[in-house]
Every structure is written in structure tokens, then in C-alpha cells.
Amino acid sequence: MLEKLKTYRSIRKYEEKPVDDEVLKTLLGAALLAPSSRGLRSWEFVVVTDPDLKNKLSKAKIGGGGFLKDAPVVVVVMADPAVSDVWVEDCSIAAYTIQLCARDQGLGSCWAQIRLRKDGDGVDAEENVRQILQIPAKYSVDSIIAIGHPAEEKDPYTQTDMDWTKIHYNSY
Ligand SMILES: Cc1cc2nc3c(=O)[nH]c(=O)nc-3n(C[C@H](O)[C@H](O)[C@H](O)COP(=O)(O)O)c2cc1C
């Protein structure tokens, strides 16, 4: 597992090739089994393949989301905070489950942060995403995961990337 994780880098460039429907279903199925606080499964997901919508999503926040328009599919990860007070944690685990599963299927992925981000006019990125995808106001948007066949290679991490000074035993 650790050896695999060393190669799991964020991929922001993708081949112009769709993600197989069955493979996508595998990733989404994994997300639906992700651990969640009290098993409440507060998350919901919007799968986007439409080029115009992806282009709009790539501009929902200032900086760091441009790659969303280039991915064959992106998954918006959101939740109703009324369902769980720790919906952010629920969404984060589900989002990373999608990323891990994507890599396991030979795909690349990258997280685009939406929660707490703004666009160039100071408008909340969450509000932009809700508008673009007609998401009801009660949902908060955590992140968008871009998925596709990798068109870039990145060096795997090595032992030297592990900062063991961050690990503390029994007391700080
Ligand atoms: C909570 C979170 C938010 C992130 N937001 C963005 C983002 O908005 N745009 C982006 O390009 N990458 C984003 N990333 C990816 C990180 O930039 C990336 O994981 C980090 O630079 C380490 O690179 P690696 O994933 O290749 O190891 C995010 C990752 C996490 C976990």
C-alpha cells in the first residue's frame, strides 16, 4: 500500500479520452461506501461530463481550478450540513476515496477546493457551483474531483519526502 501511495500524485493533464462508464461507476460506488460520521452518509455527488458546464466550473474560483475543463469527467462533492455537523470530513473522505479508486483503475485525478474559495469578483465559489449545476441552496459544496487518463508523469515520492519530525509519540 505505501509503495503504491508514493506514486499517487495529483494529475492535472488528461488525454482526450472518456472514462469508461463502468470504471466511473466503480469509483462512484466506492464513494458511496466511504466511511462517514455516525454512518449518516451526508454527501451527494454531481457527475459532470458536459464540456460547457466543466468550462464554467473551471472558472468558479480564482486560480487552481483551470484543469477542471480539461478532464473528461469531474465529480462535485457536496453535502447538506443539516444532515451532519461534520459534513466536511465526510466529503473529504469520500473525495479521497474517489481519488484512490481512480488511481487503482489506472486513472489520474486532482482535487479542486471549492469550500471557502472565491472567484475574481469575491463571490463564493460554492455559490457559483450551485448556480452552474442548479444545486439547491441547502447543499454546501466541498470540492470537485477531476478524473481522466493521465497525460503527465510525476516522480513518485521517496523516503526523503516523509518528514518524520511531524510524528510524536505519547506526548508532543
Ligand atoms: C484539501 C485539498 C485541496 C486542494 N485544492 C486544490 C486546488 O484547488 N487546486 C489544485 O490544483 N490542487 C489542489 N489540491 C491538490 C494539492 O495541490 C496536491 O495534493 C499537493 O500539491 C501535493 O501534490 P500531490 O497530490 O501530487 O502529492 C488540493 C488537495 C487537497 C488535499
Side-chain angles (χ1 to χ4, degrees), residues 1-15 19 27-28 30-31 34-37 42-48 51 53-79 81 84-133 135 139-167:
M1 181 76 175
L2 182 58
E3 287 313 305
K4 276 188 170 183
L5 285 175
K6 285 180 187 168
T7 70
Y8 283 17
R9 303 292 313 276
S10 293
I11 298 297
R12 298 179 182 84
K13 292 181 183 156
Y14 314 94
E15 288 179 8
V19 171
L27 313 188
L28 298 169
S36 63
S37 173
S42 61
W43 18 250
E44 294 196 31
F45 308 89
V46 182
V47 180
V48 183
L53 293 175
K54 284 186 295 173
N55 188 38
K56 286 179 177 154
L57 289 174
S58 75
K59 297 170 185 160
K61 67 164 180 166
I62 191 163
F67 58 91
L68 293 172
K69 69 178 181 313
D70 305 321
V73 59
V74 307
V75 180
V76 176
V77 183
M78 61 191 203
S84 175
D85 56 347
V86 290
W87 64 273
V88 175
E89 288 83 347
D90 288 351
C91 284
S92 299
I93 291 174
Y96 192 50
T97 298
I98 291 173
Q99 290 199 272
L100 287 177
C101 220
R103 186 50 207 245
D104 190 53
Q105 296 285 330
L107 298 167
S109 73
C110 189
W111 179 307
Q113 181 69 23
I114 297 299
R115 191 179 70 89
L116 303 179
R117 296 292 180 259
K118 293 188 184 298
D119 70 12
D121 297 323
V123 177
D124 281 345
E126 282 195 57
E127 185 51 38
N128 290 334
V129 173
R130 273 194 296 265
Q131 277 202 5
I132 294 163
L133 302 177
I135 295 170
Y139 290 100
S140 292
V141 180
D142 181 65
S143 55
I144 306 179
I145 306 301
I147 303 159
H149 297 271
E152 64 175 337
E153 275 187 31
K154 291 198 169 167
D155 291 337
Y157 287 122
T158 66
Q159 283 299 109
T160 57
D161 294 303
M162 297 176 189
D163 180 359
W164 289 93
T165 67
K166 290 182 180 291
I167 311 288

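Whatever order the structure lists ligands and atoms in, that order sets their numbers, starting from 1. The shown structure was predicted, so the numbers you read here are calculated from the model rather than taken from an experiment.
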- [ ] Would you kindly say whether Q99 and S109 are connected by a side-chain donor-acceptor distance under 3.5 Å?
- [x] yes
TODO: Give the residue and atom name of whichever protein heavy atom lies nearest to atom 25 (O) of ligand 1, and the separation in Å to one decimal.
DONE: S10 OG, 2.5 Å
- [ ] Kindly determine whether K4 and D104 satisfy salt bridge (charged side-chain N to carboxylate O under 4.0 Å, His left out), including the steps that lead there.
- [x] CA-CA 9 Å; K4 276 188 170 183; D104 190 53; 3.5 Å; yes
- [ ] May I ask you to identify the nearest protein heavy atom to atom 9 (N) of ligand 1, giving residue, atom name and distance to one decimal place in Å?
- [x] G64 O, 2.7 Å
Open item on the list: Distance under 4.0 Å to a non-hydrogen atom of A112: what atoms of ligand 1 satisfy this?
Closed with: 7 (C), 8 (O)
Open item on the list: For the backbone of L133 and the side chain of Q131, can you confirm whether one donor and one acceptor N or O come within less than 3.5 Å of each other?
Closed with: no
TODO: Quick one: look at C110 and ligand 1, take heavy-atom pairs under 4.0 Å, and tell me if it's side chain, backbone, both or neither.
DONE: side chain
Task: Under 3.5 Å donor-acceptor, K69 side chain and L57 backbone - done: no
- [ ] Just go through Q99, R12, R115, R9 and tell me whose heavy atom is the nearest to atom 17 (O) of ligand 1.
- [x] R12
Task: atom 22 (C) of ligand 1: nearest protein contact (heavy atom, Å) - done: Y157 OH, 3.9 Å
Task: Ligand-side contact atoms (ligand 1) for residue partner F67, heavy atom cut-off under 4.0 Å - done: 9 (N), 10 (C), 11 (O)
Open item on the list: Under a 3.5 Å cutoff, is there a donor and acceptor pairing between the side chains of D90 and S37?
Closed with: no
Open item on the list: Show me which atoms of ligand 1 lie under 4.0 Å from any heavy atom of K61.
Closed with: 7 (C), 8 (O)
Task: Q113 N/O to ligand 1 N/O under 3.5 Å - done: yes
Open item on the list: On the six-membered ring of Y139, is R130 placed so that its NZ or CZ lies under 6.0 angstrom from the centre and within 45° of the ring axis?
Closed with: no
TODO: Determine if the distance from atom 20 (C) of ligand 1 to the closest protein heavy atom is below 4.0 Å.
DONE: no
- [ ] Could you tell me whether D124 and K118 make a salt bridge, using a distance below 4.0 angstrom between a side-chain N and a carboxylate O?
- [x] yes
TODO: Starting from atom 7 (C) of ligand 1, find the nearest protein heavy-atom neighbour and note its residue, name and distance.
DONE: W111 O, 3.3 Å
Open item on the list: Whether the W87 and E89 side chains hold a donor-acceptor pair (N or O, under 3.5 Å, no angle test) is what I'd like checked.
Closed with: no
TODO: For ligand 1, note which part of Y96 has a heavy atom under 4.0 Å away: side chain, backbone, both or neither.
DONE: neither
